[in-house]
Amino acid sequence: MTQRRIARVLLDSPLPQLDRLFDYAVPLPLRDAVAQGVRVRVPLRSAGRIADGFIVELVDVDDAERPLSDIDAVVSPVRVLPDRLVRLSRRVADRAAGSAIDILRLVIPKRQVRVEKAWLARGAAGEQAAVAPGGAAVADTHGPASPRIEPGVAEASRAVLAEFPGLEVALSERRRVALQAIPHPTRLASGETVGSWAELLAAAALTTLAAGRSAVLVVPDYRDLAQLEAALKGRVADDDLVRFDARRPNPERYRGFLRSLEETPCIVIGNRSAVYAPVHELGLLAVWDDGNPLLGEPLAPYVHARDAALVRQELDSCALLFAGITRTSDVQRLVDVGWVHEVSTARRVSPRVVLSAPAQGETPGARIPSAAYRDLRAALEHGPVLVQVARPGYSPVLVCAECRSPARCLHCGGPLEARAPRAPAVCRWCARTALGWNCTHCEGEKLRFASSGSRRTADDLGRAFPDVRVIVSDGERPIMHVDATPALVIATRGAEPIADGGYQAVLLLDGERMLLAESLRIGESCLRWWSSAAALAAPGAPVHLAGVVGPVARALATWTQPVYARNELSERVPLLMPPAVRVAVVEGDTPAVELALQELTAAVPGLPPLAVLGPVLQEDGASRALVRFEYAQGAEVTASLRASLVAAAVRNRRPARPVARRNIDPATPPRRQRNTLKVRVDDPELQL
């Protein structure tokens, strides 16, 4: 029997029923061009369509009589999908009940022909130079090569790692490690100020690169990327530092991705999608501030960078480092079960946190206590002062001046806000101006400010300190750095600039309001926001937390964030709340949700009592159910939910035939039923 070559292709399709390998015959003209990992175009059975895909496997088979379609074209000769990325995407997708192609779509950029041709030309030039005229072999441009690190960098990196005894040994032995970074900013040799955590992660990456292995550093946003880049700049060759960042132009993204495919070790820094960077010989995978919601992927299958890092470490046997100013209960669970090893600092370093409350004789509701006010005035004689607030704008919340009821828009019911001192109220939902407003409770016609945003706080403090410049930093007008001259810096949480030499004082406002948010992890989030701001203070500078008491405030004051995470975890264990257990959210039409739950309970009989909560009808008409399960049951649960997702998609694949009625245009296509079943596993912002 004649053998023929078969290409097994993963289609680039959002349909869950197509998340498998399809066999295509390799035509003779494409035999030399076809290779594992290249992009191809293949025909589909329906309507003569052509789909994009990736060749995952090439095999020679004897079933020459089996009818197969031929590959239509090879898009590019570059093997953009190596085996290691195939395994990682499949494992991560299976853990989240999702599709592998959705993972690959996050990491493999769109093809840029000009960039690709330049990269291939550079590789061809390296191959030509691989053999000298006398026959001696030299290094290949796209092949293994020794990393290029500036002299003395490795020794300096080891000195930084020495602040955490045992860390360098743990990284060299490729262990899983969790640590709490040292607060306070540090000044680099270049004169730029960054967080001390950036210097630590850079030192770990440089030590790994010096040992001939690659490092991947994952951070939440562009601010953290800028600090990491500053800590690595000038200490490693430019070609060995790759930045994975969605904010970069497509040609630069594709150029960086191609560099990560090379066999030469490199350092990759980037946001959440960088965790999948297909680097050669991965030696270190580090995740900074895993509690930041920006590390949670908003696109299906919604995999958090922390979970993807755990899967990748198991596949690649690399060192895994979870670092942060605080610690999440998720990482603390891994520490408690012994899966992650905890590393502590050689010396205890913590900010000087003061829990400020109104003094005797002051108004109980005073926003800034007198003690904090005095420290601010004294600190402004030496340098900048940071004031953290909860919300941007002038007054994000308005109430009725008569009955104090929240002011709502008369058109859509949205909350009203004031964007300037004497500006009319505006709805935050529909942006309508609330002219002729009257209260629906008491018929009052006057509004009152109920909160202070960043701009109103800046106005108030500007009047209190008339000779000091005021700087506002928020999501609309972010500021990265401020100099060491005196200034009042008013910033929303997460938008705090870095000050040269650190802030001389830090004031944390609106803490009570932050803690009132309806979220399972609001305590952890507040502790992370406040700790991150406190870490920007200069050594010995006062950090005032105004008007907050309780466990979160005590953890900040004593700088014992891991203890708070351990206590949070112990309280969630008897209640079966994440991360003590895993939770899957199943949403969609009521019949589809009920059927998925029935199939799940039949497929996984060992679910704990009260594992399934719901389904409950939501305001939009869809049903929602929660499934709580143990980590050991994860593979069975996600496989069942994935099967239900595929079955629902197949049921809605073909539209129903229209009923013959009068006055219906036969040329009008029937309405296709939409697959409404949705599964999300391990939602970090889960609302119980």
Side-chain angles (χ1 to χ4, degrees), residues 179-186 193-200 220 223-224 227 288-289 291-292 323-328 345 347-357 368-369 371-373 375-376 378-380 382-390 454 457 473 481-482 484 487-515 522-565:
L179 59 83
Q180 185 179 8
I182 297 176
H184 308 308
T186 183
T193 300
V194 298
S196 61
W197 65 268
E199 189 176 34
L200 172 66
R223 294 171 173 270
D224 304 313
Q227 295 185 61
W288 166 254
D289 192 16
N292 195 310
I325 295 296
T326 60
R327 180 174 299 170
T328 60
T345 56
R347 55 189 177 89
R348 176 177 171 80
V349 180
S350 61
R352 182 163 66 91
V353 180
V354 181
L355 302 182
S356 300
I368 303 179
Y373 186 86
D375 280 348
L376 257 64
L380 284 172
H382 306 284
V385 167
L386 174 64
V387 180
Q388 184 195 71
V389 296
S454 56
T457 303
S473 177
H481 290 86
V482 295
L488 275 167
V489 181
I490 317 299
T492 53
R493 53 200 177 191
E496 302 91 350
I498 298 177
D500 290 340
Y503 290 100
Q504 300 304 308
V506 175
L507 174 60
L508 308 174
L509 297 177
D510 305 332
E512 289 281 356
R513 183 179 298 277
M514 295 183 189
L515 287 170
I522 188 57
E524 291 184 46
S525 298
C526 288
L527 184 58
R528 183 175 59 82
W529 295 329
W530 301 338
S531 300
S532 299
L536 299 177
V543 178
H544 286 265
L545 177 61
V548 180
V549 295
V552 183
R554 289 195 298 271
L556 179 69
T558 57
W559 208 249
T560 54
Q561 292 87 343
V563 175
Y564 178 82

Distance-only, no hydrogens or angles: does the [X] side chain make a donor-acceptor pair with backbone N or O of [Y] under 3.5 Å?
X	Y	result
Ser454	Ile490	no
His184	Ala537	yes
Gln180	Ile325	yes
Gln227	Gly195	yes
Gln561	Ser531	no
Ser356	Pro369	no
Arg352	Ala541	no
Glu199	Trp197	no

Pairwise side-chain contact, Val194 with Thr186, heavy-atom cut-off 4.5 Å (strictly under):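 Heavy-atom side-chain distance check passes, below 4.5 Å.
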Heavy-atom pair with the smallest gap, counting every atom of Gly501 and Pro185: C-CG, 4.4 Å
Evaluation steps, side chain to side chain contact (heavy atoms under 4.5 Å, CB included), between Val552 and Trp530: CA-CA 10 Å; Val552 183; Trp530 301 338; 3.5 Å; yes
Stepwise side chain to side chain contact (heavy atoms under 4.5 Å, CB included) check, Val563 with Thr558: CA-CA 10 Å; Val563 175; Thr558 57; over 6 Å; no
Val548 and Leu355: CA distance, side-chain angles, deciding distance, side chain to side chain contact (heavy atoms under 4.5 Å, CB included) verdict: CA-CA 7 Å; Val548 180; Leu355 302 182; over 6 Å; no
